[in-house]
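Only one structure is covered here, and it is reproduced in the block below.
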Amino acid sequence: MVREAVHADLGGLLELYLHLHETRVPEDSDTLRDAWRRIMADENHHILVDDEGGLLVASCVCVIIPNLTRGARPYALVENVVTRAEYRRQGRAKACLDRAREIALRSGCYKMMLMTGAKSAGTLQFYRKCGYNADDKTAFVQWL
């Protein structure tokens, strides 16, 4: 079942991120708790989770960004798409991305953007099947 994350999901979400690129669950800290509080309070920040009987098995983040171009229509940024290894190829991440699309449409967004560090053909094909393309824009990243 895909739903928006709630306050009690922090631990499960951090564990799920071990299937993304994290190597350990971060230590509990004021910084971590403050970030989580700010995310939970932000009406434009949506963490979508696929909850399988209390176990978070897939997730993505969808942030709605206000904008002054395109008729002042916002756009959506999708990040941190992840599925537990044993739940892959079951449509879990697609269900999260579909919910993100619903949120973006409901918010009046004119586009959704997603970047991935993945290079595997299967992952890139998955994003194409979900409606994303790599032809319209060029992405650049500056690590800080």
Side-chain angles (χ1 to χ4, degrees), residues 1-23 25-26 28-52 54-85 87-144:
M1 170 187 79
V2 175
R3 60 173 174 77
E4 294 236 17
V6 296
H7 187 77
D9 287 326
L10 178 57
L13 192 61
L14 293 174
E15 182 186 334
L16 177 61
Y17 285 163
L18 294 174
H19 295 264
L20 183 60
H21 51 64
E22 297 299 315
T23 56
V25 173
D28 185 24
S29 68
D30 290 341
T31 302
L32 179 69
R33 284 190 307 272
D34 183 57
W36 185 240
R37 181 192 54 74
R38 290 177 31 217
I39 289 168
M40 291 284 96
D42 184 349
E43 67 181 14
N44 287 319
H45 199 134
H46 305 270
I47 299 181
L48 305 168
V49 296
D50 186 341
D51 183 336
E52 182 70 31
L55 178 67
L56 302 186
V57 299
S59 180
C60 75
V61 173
C62 176
V63 180
I64 307 301
I65 302 170
N67 183 37
L68 296 175
T69 65
R70 303 285 181 157
R73 292 177 65 198
Y75 57 93
L77 177 64
V78 174
E79 265 291 338
N80 297 338
V81 180
V82 60
T83 305
R84 284 180 177 273
Y87 287 88
R88 292 183 182 150
R89 299 191 177 277
Q90 298 178 14
R92 306 298 187 129
K94 182 176 185 326
C96 290
L97 290 172
D98 288 346
R99 181 65 62 84
R101 186 175 193 279
E102 291 170 11
I103 290 168
L105 287 169
R106 186 174 63 239
S107 299
C109 292
Y110 77 95
K111 71 178 177 182
M112 296 178 74
M113 294 186 298
L114 178 150
M115 291 190 300
T116 182
K119 306 296 183 212
S120 75
T123 301
L124 301 178
Q125 184 60 29
F126 165 73
Y127 288 128
R128 286 186 190 95
K129 284 184 175 182
C130 289
Y132 294 88
N133 76 71
D135 302 323
D136 293 341
K137 298 272 186 176
T138 301
F140 291 88
V141 174
Q142 183 181 66
W143 298 101
L144 305 175

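Residue numbers run from 1 in the order of the sequence given.
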Summary of salt bridge (charged side-chain N to carboxylate O under 4.0 Å, His left out) pairs that have at least one residue in residues 96-123, sequence neighbours excluded | Lys94-Asp98, Arg99-Glu102

Give a yes or no on whether the backbone of Asn133 and the side-chain of Arg128 come within a donor-acceptor separation of less than 3.5 Å.
-> no

Got a salt bridge between Arg92 and Glu52, using NZ or NE/NH1/NH2 to carboxylate O under 4.0 Å?
-> yes

Value rounded to 0.5 Å, distance of CG in Asn44 from CG in Leu77 = 12.0 Å

Can you measure from CD (Glu15) to CG (Leu56) and round to the nearest 0.5 angstrom?
-> 8.5 Å

Is the count of non-hydrogen atoms from other residues, nucleotides or ligands lying under 6.0 Å from Arg70 atom CZ greater than 12?
-> no

Quick one: does Asp50's side chain have a donor or acceptor within less than 3.5 Å of a partner on Met1's backbone?
-> yes

side-chain contact (heavy atoms from CB on, under 4.5 Å) between Ile64 and Cys109, intermediate numbers included = CA-CA 8 Å; Ile64 307 301; Cys109 292; 3.8 Å; yes

If the plane angle is over 60° it's perpendicular, under 30° parallel, otherwise tilted; pick one for His7 and Trp36.
-> tilted

Measure from the side-chain N and O atoms of His19 to the backbone N and O of Ala85, and report whether any donor-acceptor pair falls under 3.5 Å.
-> yes

Would you find a donor on one side and an acceptor on the other, under 3.5 Å apart, between the side chain of Asp34 and the backbone of Thr31?
-> no

Rounded to the nearest 0.5 Å, what separation is found between the OG atom of Ser107 and the CD1 atom of Ile65?
-> 11.5 Å

Is it the case that more than 12 heavy atoms not belonging to Glu43 sit under 6.0 Å from its CD atom?
-> no

Least distance between heavy atoms, Leu48 atom then Ala100 atom | CD1-N, 3.4 Å

Contact summary for Ala95 and Val2, nearest pair of heavy atoms | CB-CG2, 3.6 Å

Between Arg33 and Asp28, is there a donor-acceptor pair closer than 3.5 Å when you use the side chain of the first and the backbone of the second?
-> no

Residue pair Val61 / Ile39, side-chain heavy-atom distance below 4.5 Å = no

Once you round to the nearest 0.5 Å, how far does CE of Met113 lie from CD of Glu79?
-> 10.0 Å

Qualifying residue for side-chain contact (heavy atoms from CB on, under 4.5 Å) with Glu4, from Ile47, Val49, Ile103 = Ile103

Using the side-chain hydrogen bond (donor to acceptor under 3.5 Å, both in side chains) rule, collect all pairs that involve residues 57-67, keeping only residues at least two apart or in two chains.
-> Asn67-Thr69

Closest approach of Val81 to Leu20 (non-hydrogen atoms, all atoms of both residues) = O-CD1, 3.4 Å

What distance do Arg84 atom CZ and Leu55 atom CG have between them, rounded to the nearest 0.5 Å?
-> 4.0 Å

What are the two closest non-hydrogen atoms of Ala76 and Cys62, and how far apart are they?
-> CB-SG, 4.0 Å

Measuring from Met115:CE to Tyr127:OH, what's the distance to the nearest 0.5 Å?
-> 11.5 Å

Which heavy-atom pair separates Thr116 from Ala118 by the least distance, and what is that distance?
-> OG1-N, 3.0 Å

